[in-house]
Amino acid sequence: MRRISRRGLLAAGSVALASGAPQAGGESHRRPILICAANGYAYLEPAYEALKNGEDTLDAALRVVQGPENDPKDDSVGLGGLPNEEGVVELDACCMHGPTRGAGSVGGVQNIKNVSLVAKAVMNHTGHVMLVGEGAQRFALAMGFPKENLLTEHSRKIWMLWREMHSNQDWWGPGVGMPGWTPPEQAPAERRSGIERRLGRWNDVAADLGIEPEMRMDAIRKVLVPPTGTIHCSAANEKGEVSGVTTTSGLAWKIPGRVGDSPIIGAGCYTDPEVGSAGATGSGEENIKVAGAHTIIENMRHGMSPEEAGMDALKRIVRFHGNNMDEIRYIGMTYYVLRKDGAYAGVSMWGGTAERPKRFAVHDGTRRLEVCKALYQGDGIEWPPIPRLKNP
Ligand code: ASP
């Protein structure tokens with residue numbers, strides 16, 4: 001039998017104390033609940049049914065994240081994820097299983113789409129916690145995961161657009177004298193010539209690459225502001241068991257081999273059976289530096305509510321940047337926080353616009369999207385202002 005230390009009793013006590021108060025992001029209660037990034041909304045219903053019928057908390061959370069992993073249209077996770085700078089999709093994932101205190105993780109995996117399940121396999125079938133790169137792929141193949149090309153035509157075209165838009169600095173894009181060619185020394189002048197002209201030219205390149213008209217501005221935005229994406233899902237059941245999982249294709253156009261926060265236990269995801277589960281999407285490098293998910297769990301262990309715990313982690317990132325808004329506006333971060341008693345919160349560095357507020361998804365009997373509690377109002381990166389983007 002596991003011995004409970006005095007420290008453990010004190011910690012458990014502080015959680016019990018905290019669980020009495022209603023939370024900004026939801027009442028404390030003991031019923032099945034799933035909380036995830038908004039891109040998991042469509043997959044919550046069957047996962048909730050399974051959880052309610054007694055499915056393990058990690059398996060229910062895995063059901064949710066496999067949705068975006070399998071969806072070729074979600075270009076932030078799994079199949080169809082935006083690739084690294086060489087056009088290769090590299091995936092990261094990790095999971096923690098509260099009841100067994102198990103953890104598994106994979107980083108930089110190519111050609112295997114369900115890396116969340118590979119992370120679970122690492123947890124269940126090895127004595128390790130983390131496998132990366134080629135070794136992780138070989139392990140996945142040995143476990144029977146199919147090998148497939150993860151770069152969809154949609155993502156390939158956006159990657160090509162990204163390459164061509166660096167044409168003043170490399171050999172991609174039009175050759176000397178070809179339409180659209182500008183000598184490198186004219187680049188600063190072009191920068192001064194205004195957004196409209198540049199958008200017009202990029203729109204032409206996107207058209208040449210066969211990107212559909214309605215997708216062009218989205219593609220251009222992804223090139224200008226390399227997107228983050230990712231899905232995290234945490235689950236709790238009536239018994240107070242908790243688990244969490246995070247999976248991603250990471251930052252678009254990353255240097256091959258770059259691994260973000262998503263597969264880092266304690267950053268992209270952390271679960272403590274005595275406290276709860278938390279996970280992150282957003283600027284991975286920033287989140288690693290504050291061990292975001294672990295920080296949040298420790299905050300709750302010491303009595304903070306889910307919302308307070310998440311906001312405190314966001315403020316820690318801000319402090320790491322000396323409160324300098326010129327830096328912070330480039331940092332997007334959302335935390336999904338679930339206490340073992342069912343109290344929860346979604347908190348975000350930037351709240352988004354009135355038309356497009358930053359949201360997260362919940363299912364506790366009712367499936368819904370809720371607006372994140374934001375540290376700052378508005379969109380993080382001010383250029384280009386997304387609502388004003390129109391096809392030129
Ligand atoms: N956190 C992920 C990473 O840095 C990206 C994301 O959440 O969108 O790889």
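The analysis underlying the following values was restricted to heavy atoms, covering all of them including side chains, and did not include hydrogens, waters or symmetry mates. Both ligands and their constituent atoms are indexed starting at 1 by order of listing.
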Contact atoms of ligand 1, heavy-atom distance to [X] under 4.0 Å:
X      : result
Asp261 : 1 (N), 2 (C), 3 (C), 4 (O)
Leu251 : 9 (O)
Gly282 : 1 (N), 2 (C), 3 (C), 4 (O), 5 (C), 6 (C), 7 (O), 8 (O)
Gly250 : 9 (O)

Report summary line: Rounding to 0.5 Å, atoms CG (Leu34) and SG (Cys233) come to a distance of 5.0 Å
Query raised in the report: Roughly how far apart are Leu151 CG and Leu82 CG, rounded to 0.5 Å?
Result: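 With rounding to 0.5 Å, CG (Leu151) is 9.0 Å from CG (Leu82).
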Requested in this report: Any salt bridge (charged side-chain N to carboxylate O under 4.0 Å, His left out) involving residues 246-268? Give me the pairs, sequence neighbours left out, ordered by first then second residue.
Outcome: Arg258-Glu285
**Report entry** For Asp272, the option from Lys340, His294, Arg301, Arg101 that meets side-chain hydrogen bond (donor to acceptor under 3.5 Å, both in side chains)
**Finding:** Arg301
Query raised in the report: Is it true that Ser76 lies under 4.0 Å from ligand 1, counting heavy atoms only?
Result: no
Query - ligand 1 contacted by Lys254 (non-hydrogen, < 4.0 Å) - result: no
Report summary line: side chain to side chain contact (heavy atoms under 4.5 Å, CB included) test vs Asn111 passes for just one of Gln137, Glu90, Glu148, namely Gln137
Requested in this report: Please confirm whether Asp92 comes within less than 3.5 Å of ligand 1 when only nitrogen or oxygen atoms on both sides are compared.
Outcome: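 No, no N or O pair falls under 3.5 Å.
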Report task. Please say whether Thr230 places an N or O atom under 3.5 Å from an N or O atom belonging to ligand 1. Result -> yes
Query raised in the report: Which atom pair, heavy atoms only, marks the closest approach of Ile220 to Asn203?
Result: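 Nearest heavy atoms, Ile220 then Asn203: CD1-N, 3.8 Å.
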